[in-house]
Each structure stands twice: as structure tokens, then as C-alpha cells.
2 protein chains.
Amino acid sequence: MAYTVGQVAKVAGVTVRTLHHYDEIGLLSPSGRTSAGYRRYDDADLQRLQLVLYYRELGFPLEEITAIIDDPAADPAAHLRRQHELLTVRLKRLQEMVTAIEFAMEATKMNIQLTPEERFEVFGDFSPEEHEAEAEQRWGDTDAYRESNRRASRYGKEDWLRIRAENEDWGRRIVALMAAGAPADSAEAMELAEEHRQLICRWFYECSYEMQTGLADMYLADERFTAHYENIAEGLAAYLHEAIHANAISRA
Amino acid sequence: MAYTVGQVAKVAGVTVRTLHHYDEIGLLSPSGRTSAGYRRYDDADLQRLQLVLYYRELGFPLEEITAIIDDPAADPAAHLRRQHELLTVRLKRLQEMVTAIEFAMEATKMNIQLTPEERFEVFGDFSPEEHEAEAEQRWGDTDAYRESNRRASRYGKEDWLRIRAENEDWGRRIVALMAAGAPADSAEAMELAEEHRQLICRWFYECSYEMQTGLADMYLADERFTAHYENIAEGLAAYLHEAIHANAISRA
DNA sequence: GCTCCTGCCTGCCGTTACGTGAGAGTCAAC
DNA sequence: GTTGACTCTCACGTAACGGCAGGCAGGAGC
């Protein structure tokens, strides 16, 4: 099968100019021409173009792509493996960025200031080791946050006022309970932990017990989140942490 | 806190030249200068830079970024939500590419020719509807394939010969069994289905029963994969399909 | 006071991967 | 046999910097 520039451009989702350019620089020269000088691409050309586009999407400069593809030591399967590897690396990077954004979202929701280093953690010298497992742990599942923001983006001023009111009401009650001396694993405290979870469920995302305990751990582990709760009442961070864990265990 | 260009560049992971450029085009002008003309960036500038870098990473042209950031209707939270959305879109796109590569890998492993359309499916007018659920279903879990190729990339010629031998041995036995008239849900057929799964486990990736049934479905649904098995023996695709399903049910 | 080294400044030209016409020939169809 | 869609080859334009030149700034050590 032979194709014209236009046809190739259409099926591959690139412009004719791009194909001209690739011809110019010798990255992808059509295997033939018609008598009138029209470019004719065949199946092998398409295969090559596919490789080119994948490597391009992966951010390689065209010159390098030429070298990679013309490398006689690399068979098609090797290219696929290589691209697959590179893709998964990029995937990871993107997931890191998503996590960073989610972290920032949670932080601003709590009125927490980020340090410059944290702000650019994901850009600067990214330390892959640390993020690898931690990032996934930190929020449990990113689908949840996706859902959260899909919902949150639709809330108006009224909704936010209502959320705040519910939240403050809950805050007052847990502070009162703690002040009254009820242990964190008492039925009342656990009930308030359950309310905390359901509040998240109702307004933001489906929050499992597992995810809630993850949040609880973060409230203690990250001092800025700790500070948020300690600001409300001394000892609240630890109290809430224990109540959430106790509740999760009892419901399991 | 005030920072010099060099400090900002270092913490943000960009070059000094880039900051100069952003200043030139008015995208990010430092809030002040020293008496000697040195640029002085403050925390607000850093915050703005963070926004810039995120949008840049998302592929926006700088001019557009200027417009987006200077939009008075968008508060910080709105930016975070927006970036989060964009990121998840990109994430999905990347995952699609990974799936496409995996599809191509499986196809070449089976010596199956791809049509031009399939080749560029992921590039051309991507139809989001179709891929959304299907892509995830097709391979069950992409972690598996990641593992597969991490391992496969380390195999040498000897390994491949061995894999081929094991595979052909298995092929001969299932063909013989089918020819002997043993039903697909017989203990012997199910045992060979189990071997099929363990062959994948041993050489490529941890293949759960669920994933194996996914593969089995594809062997029937995609006629090129069907053809592969039908080439070995008539009715083998369906036979294997049923055996795999029967085996999966009995082990559940 | 002088030197040295590092960091910062402002031009200004180079580069990559195309975009965007201009002007002209080509091809299938009506 | 002319229209309209498609193709060709120059050729200049562009975005987002990279890289270098030539020249101050400022603290450290002598």
C-alpha cells in the first residue's frame, strides 16, 4: 500500500509540513516518488513514522531519534521495550506531580504555608527514592482526590459556607469531648471520628477507613498539619489520630 | 525573604537564563532590584514561578501562561484544581500510550501485523470514549506488563530459545488433548490452562486468573489473535478460551 | 589599597521543530 | 476544460531558551 503525504498526515495526526520537515532532515524520507514528484509512503515508512512519533512524544530531539532508529543493533521489539520503559518513567513523574498538587491542595485547604523547597520539590533535583513509595502511601489512592476536586470545583459560595459550618460544628464537639476527659477510644470519640470520615465522604470523596487512618497518620507526621489541629486545641491532633485508628479497628 | 537569580534558579531547577527570559517577556519580573541592578525575588515571586513551571510542564506557551496567571478571576485554589485536572488528563493519555505499546508488544510477540490505523490510534483523533474503560480492561493491570518487560529485556538468546521450546511443548500437548476429544473443562485441559498461566508467570509477569481470562477473551475477540491460535490448530482459540475460564472458576 | 574569584548584568546571535504563506504544478471529477 | 483539492519547493517567521562576550559588584585574603 502506498500513501500520499496528506493521507499519512491524517492517519498519524501530524501536519504535512512536519512530514516535509522529516524528509528534509532525512529522518523519514518516503521510499519513493511519483513521476510528478509526489511523495509516496509505504507501510515500512509508516512503521518508521510510528517509532519517530513515540520517541518524539517522549521528548527526544529529532537528531537523536534518527540515531536511535538507524541503530542496526535495535530490532523492533527492542524499541517497544525501550519506549515502554521510558513511558513508565514519565508516568511516574506525572504521578509525582499529581501528588505534589494534591499535597498543595490539602495544605491550602488547611491554610498551611509551604516552604520554598517544598514548593519546587517536584522540579528541582527530584529524589526518586523518597517519593517512590511515600507518594502513593500519602494519599492512599489518587482516584479519590480526582473525585474530590471534580466535586469541589462545582461547589459555590453557599456550599463552602455550609461545609465550613459543618466542619466547625464537628470541631466544637470534638474539642468539648476531649475537654470533658472522654478517652480517645471511647464510643463518643469514635463516633466523632466516624463523622469526620463521613464529612469527607459527603463533600469530597469516598474515604475508606484505610485512607482515613492514612490521613490521621499524616496529621501527626507532618508538623504543619499537626499545627493546624493544635491551633484549634492542644492535643487535638493526637486525640483525633487515636480516635480515628480506634474507630477503624472497631469497624474492621 | 529575598533571593538572587542564582538561588531561585537552583531551588526551582531552572537556569538563570530562563529567569532572565521570563523577566524580559514580563512573565515573571522580580519584585525589586538592588542598587546595583541585581534582581531580587521574594516569596510571592517564588509562588508565581511555581505556577509558571507547572503550567509550562503542562505544555502551555509562555504567553498563555501569562494570561492564565494574571487572570484576576482565578485564585490559587482554582489554579491548583485546574492543574490537577490537566495533569490527570495527561496521565490518562500516557497510560493510553503505555497500553498501546503493550498491545503492540503482544502483537509482535505473536507475529501479528498491525494496520496503519491501529498503529497511530493513540496519535490521531483519539476517541476518548472508547479507550476509557477498554484500555484498562484489556490488560487488567499495567504493573504486570511493566514487570514483564523489565524481565524480558534481560533475556538472552538462550532464554528465548528455552521459552520457545517450553511454549511449543505446551502447544503440542494442548493440541493433542483437543484432538483426543477431551472437553475444555476436563481436568487435563484445565491443567494445561494452568500451565499457560504459569508459563507467563515464570517468564514474563505475575499473571492472575483474572488477567488470564482477560487475555483469553482477547484471543477470541480480536481476530488476529484468534488467527494465531487457529493457525496452530482449528478450534484451539475457543478451546483454550474455555479451558482458561473453567480453570479460573474452579480455582476461585 | 589591591587582587582574585564568583556571581550578576545586558546585549546578541544560534538552535530546534516546525508554522505560514507564496507561487506554481498535478490530478480526479464534473 | 475548468474547477477545486492536493501537492511541490523555496523562504522567512516563531517560541523558548542556550551560550557567549564584555563589563560591573562585592566579599575574602594579602
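All figures in this text were calculated on a predicted structure; none of them were measured in a lab. Per chain, numbering begins at 1; letters A, B, ... match sequence-line order.
Look at B:R39 and you won't find any side-chain N or O under 4.0 angstrom from OP1 or OP2 of C:dC8. Note on A:T18: every side-chain N or O is 4.0 Å or more away from OP1 and OP2 of C:dA17. A:T4 has a side-chain polar atom (N or O) that falls below the 4.0 Å cut-off from OP1 or OP2 of D:dT7. The side chain of A:T15 places an N or O atom within less than 4.0 Å of a non-bridging phosphate oxygen (OP1 or OP2) of C:dG19.
Comparing B:G6 and A:S35, the nucleotide of DNA chain C nearest to each residue sits closer to the 5' end for B:G6. Along DNA chain D, the nucleotide closest to B:T34 and the one closest to B:I25 are compared, and the more 5′ of them pairs with B:I25. Nearer the 5' end of DNA chain D, as judged by each residue's closest nucleotide, is the contact made by A:R33, out of A:R33 and B:P61.
Computed from coordinates, the A:H21 NE2 to D:dA11 C1' distance equals 15 Å when rounded to whole Å. The distance from atom CZ of A:R17 to atom C1' of D:dA11 is 10 Å, rounded to the nearest whole Å. Atom P of nucleotide D:dA15 and atom CD of B:E64 are separated by 13 Å, given to the nearest angstrom. The nearest whole Å value for the distance from the CG atom in A:D23 to the P atom in D:dC8 is 9 Å. Atom OH in B:Y41 sits roughly 14 Å away from atom C1' in C:dG7 (whole-Å rounding). Here the P atom of nucleotide C:dG19 and the NE2 atom of A:H20 are 12 Å apart, to the nearest Å. Following rounding to the nearest Å, A:F60 (CZ) and C:dT16 (C1') show an atom-to-atom distance of 16 Å. The interatomic distance linking A:L19 (CG) with D:dT9 (C1') rounds to 16 Å, in whole Å.
Closest to the B:L62 side chain, of the nucleotides D:dT7, D:dG18, D:dA16, is D:dA16. In the set D:dC17, C:dG19, C:dC18, D:dC17 carries the atom at the smallest distance from any side-chain atom of B:Y22. Residue B:Y38 places its side chain closer to C:dC8 than to any other of C:dC18, D:dC17, C:dC8.
Using a 4.0 Å cut-off between a side-chain N of Lys or Arg and a carboxylate O of Asp or Glu, B:R39 and B:D45 do not qualify as a salt bridge. The pair B:D70-B:R48 meets the salt-bridge criterion, since a charged nitrogen lies less than 4.0 angstrom from a carboxylate oxygen.
Side-chain polar atoms of B:Y22 and B:R56 form a donor-acceptor pair below 3.5 angstrom.
Taking the centre of each ring, A:F60 and A:Y55 come in below the 6.0 Å mark.
Checking side-chain atoms of A:Q7 against main-chain N and O of A:T4 turns up a donor-acceptor pair under 3.5 Å.
Nucleic acid contact for A:V5: sugar-phosphate only, since backbone atoms but no base atoms lie under 4.0 Å from a heavy atom of the residue.
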